[in-house]
Each structure stands twice: as C-alpha cells, then as structure tokens.
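Notes follow the structure.
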Amino acid sequence: MEFPMRHLPRAVARSLCPAAIAGMVILGGSPAGADDDAPKGPAVTVLKVAKSCFSDIVEATGTIIAREETSVRPERPGLKVTDVLAEAGDTTTAGQVLARLALPEGGTLQVAAPVAGVIATSTAQIGNFASAKGEALFTIVARSEYDLVGLVATNDMRKLAVNQPATVRIAGAGDIDGKVRRIGPTVEPNIQQGIVYIGISSQKRLLLKASGRALIKTGQSCNVAVPLTSVQYSSAGTVVQVIRRNRVETKRVEVGLMSGGNIEVRDGLNEGDVVVARAGALLREGDPVRPVMAAEAAK
C-alpha cells in the first residue's frame, strides 16, 4: 500500500526525507562489482623477483702438503750442534743462519737456509751430531707454498681448469685464497673421484697433513632468483606461486644454482614478478589472497 507524501504530516515527512536521500546516496555511490578487485582471503608475504648472480662451485676435500720440501744438512759428517737459532714454525729467508756446528779441528760451521720459507720440522738439538747422510737438521716448505690435494666427484672433474680461483678452508687457519694448479689425469677406481691440486701461498705455518676443503669457482650464471622457500617440488615438477590481481597462479620453473638461501630460476619467471615468499600446500590455484610485501611484514 502506498502513502502519498501529501497525506503525511509535515513533521513526519521532514524526518523521512534525510533518511531516504541518504539511502539513495549510499546505493548510488556503490555500483555492483566495485569491490571485486579489493584484496580478499588470507594475508600472504610476497616479494618481487630480482636478478642475481650465482657462482658455480665445485668442492674438493683433502689434505695439506708442502709443494716443495727442502732438507737442510751439513756437508761434512760428525759435527756437533753448538747453537740452534731457529725452530719449527719459524719463517726464514734465504741465507739465514739456522744453527752452528763445531768442527773437529776447531772452529764452527754455520748451517744456513738454502731457500726462503717456513720451517716444517727440526731435529737440531745442542750436543747432538749431524752429518750429510743423517736425518735432516731442518726441513723447509720452500717459498711457503703448499698444496691442498683434494678429491673431486668424477662428474665435476670436467668443470675444472688450471688457475680457477678457490677458497681453501683449513681448521685453525681460517680461509685462504688459492688456485687450481694441477688436475689429476686419472680417477681413483674404488671411489670414483678425481684428484686436484690447489696451490696455496701463506706466511702462516700450515700443519702438514691437516684436513682442508676447497671451494673452487668454476663459473658464474646471472638470472632472476627467489628464496628457496618459494620453490615447491612435486611429481608435477618444480613450481613457484605467483600473485596476479590478488590471486594465486602456479608457475612451473626451471631452477639452477643455489647460494645463500636463494636459487636461480632459469625459466618461468620474469624480473618484477610477485611471488609467495614461503609457498605452501594450503594455497591453491586461483585462491584470493591479501599480499603483504616482505619488507613491510618484517617491520
């Protein structure tokens, strides 16, 4: 039943008009579908895909040896040690006097280092005898040059080349720069690993036969990268969840090298794509989400 406005008292009409007008404004200001693009669903931490460079690293594990070891003895037999002027661990220069020996006819003979380097071992003790054919008084790591003799997986041997840079990690000595000096021509048949010689020059005294590990840089690849947590592996392949228009899209990708918690994506993503930082099975294709940039989520 309709009630024309003219049949209502003026006071009632005045009280209804603002409400009616307000209702018209609300209805008129919210057309159907205006909120279709508004973020819905759960909040999801996302980040933009950026380019990064990855080093292709081959690992070798082995032991430290002297590249060249020089023995120091007197040229004459039957001489007694009277003074010891150096000991194991000392760095020497070529010609430096290491010990003095007493001659049978009187006087002394000085024993000098024939090369510069680090004294690896010493048997020189005052009162002991020394000779040209006996045990060496000193052994010197010539020019302080060492090698890490390392084992490398057969599949990685083809990547190696002389002069490739390496970081050698030795317990108690920290990280030391090195280079591939020589690559073994054969493979150890029982373990199917090849041998590589990593050259090291260090003024520190390195313990011979100590264990070490070399990280050899064999190449570099630059592509877009995502965190390892963004990648999912399944029977359907390797996928990353991308956000477009606030909805989840699943993209198959081809991944490559890994470093520092990130992984190279060689195909399937473009720089600037927005991906889910921590992908999970709870997010499915087409799900609406409220994306939150990782930088904002960390605040």
Atom [atom1] in [X], atom [atom2] in [Y]: separation rounded to 0.5 Å?
X      : Y      : atom1 : atom2 : result
Thr91  : Gln96  : OG1   : CD    : 9.0 Å
Arg76  : Leu103 : CZ    : CG    : 5.0 Å
Ile198 : Gln164 : CD1   : CD    : 8.5 Å
Met157 : Gln192 : CE    : CD    : 11.5 Å
Thr45  : Arg278 : OG1   : CZ    : 9.0 Å
Leu148 : Ile176 : CG    : CD1   : 10.0 Å

Min side-chain heavy-atom separation [X]-[Y] under 4.5 Å:
X      : Y      : result
Leu98  : Thr92  : yes
Val224 : Asn270 : no
Glu285 : Arg247 : no
Glu68  : Arg143 : yes
Asn223 : Ser52  : no
Ile243 : Val276 : yes
Leu151 : Ile195 : yes
Val118 : Asp90  : no

Identify, with sequence neighbours excluded, every residue that meets side chain to side chain contact (heavy atoms under 4.5 Å, CB included) alongside Ala136.
Ser71, Arg73, Thr139
Test of understanding: clusters of I, L, V, M, F, W, Y form through side-chain heavy atoms closer than 4.5 Å, transitively. Do [X] and [Y] belong to the same one?
X      : Y      : answer
Ile64  : Ile216 : yes
Val289 : Val46  : yes
Val168 : Val180 : yes
Leu208 : Leu206 : yes
Tyr146 : Val196 : yes

Residue pair Arg158, Leu160: steps toward the side-chain contact (heavy atoms from CB on, under 4.5 Å) verdict:
CA-CA 6 Å; Arg158 60 183 177 80; Leu160 299 180; over 6 Å; no
With a cut-off of 6.0 Å (strictly less than), are more than 12 heavy atoms of other residues, nucleotides or ligands near [atom1] of [X]?
X      : atom1 : answer
Glu75  : CD    : no
Ile191 : CD1   : yes
Gln125 : CD    : no

Between [X] and [Y], which heavy-atom pair has the shortest distance, and what is it?
X      : Y      : value
Gly95  : Ala112 : O-CB, 3.7 Å
Ala60  : Val152 : CB-CG2, 3.5 Å
Pro227 : Ile263 : O-CG2, 4.3 Å
Tyr233 : Val255 : OH-CG2, 4.5 Å
Ala43  : Val292 : CB-CG2, 4.2 Å
Leu79  : Ala102 : CD2-O, 3.6 Å

Should Arg284 and Asp287 count as an ion pair when the cut-off is N to O under 4.0 Å?
no
Please determine if Lys217 and Asp56 form a salt bridge, counting it only when a charged side-chain N lies under 4.0 Å from a carboxylate O.
no
Could you tell me whether a side-chain N or O of [X] sits under 3.5 Å from a main-chain N or O of [Y], the two making a donor and an acceptor?
X      : Y      : answer
Gln241 : Leu283 : yes
Ser230 : Ala277 : yes
Arg100 : Thr82  : no

Apply side-chain contact (heavy atoms from CB on, under 4.5 Å) to residues Val239 and Val253 and explain how you reach the verdict.
CA-CA 6 Å; Val239 299; Val253 295; 5.9 Å; no
For the pair Thr238 and Glu254, evaluate side-chain hydrogen bond (donor to acceptor under 3.5 Å, both in side chains) and give the outcome as yes or no after the intermediate values.
CA-CA 7 Å; Thr238 307; Glu254 177 188 342; over 6 Å; no
Can you list the steps and then say if Leu228 with Met258 is a side-chain contact (heavy atoms from CB on, under 4.5 Å)?
CA-CA 8 Å; Leu228 288 169; Met258 293 183 287; 3.5 Å; yes
Could you point out which residue of Lys251, Arg244, Lys48 forms a salt bridge (Lys or Arg N to Asp or Glu O under 4.0 Å) with Asp273?
Arg244
For Leu137 and Val81, what are the C-alpha separation, side-chain angles and deciding distance, and is it a side-chain contact (heavy atoms from CB on, under 4.5 Å)?
CA-CA 10 Å; Leu137 287 174; Val81 178; 4.2 Å; yes
Between Thr123 and Glu135, does any side-chain donor sit less than 3.5 Å from a side-chain acceptor?
no
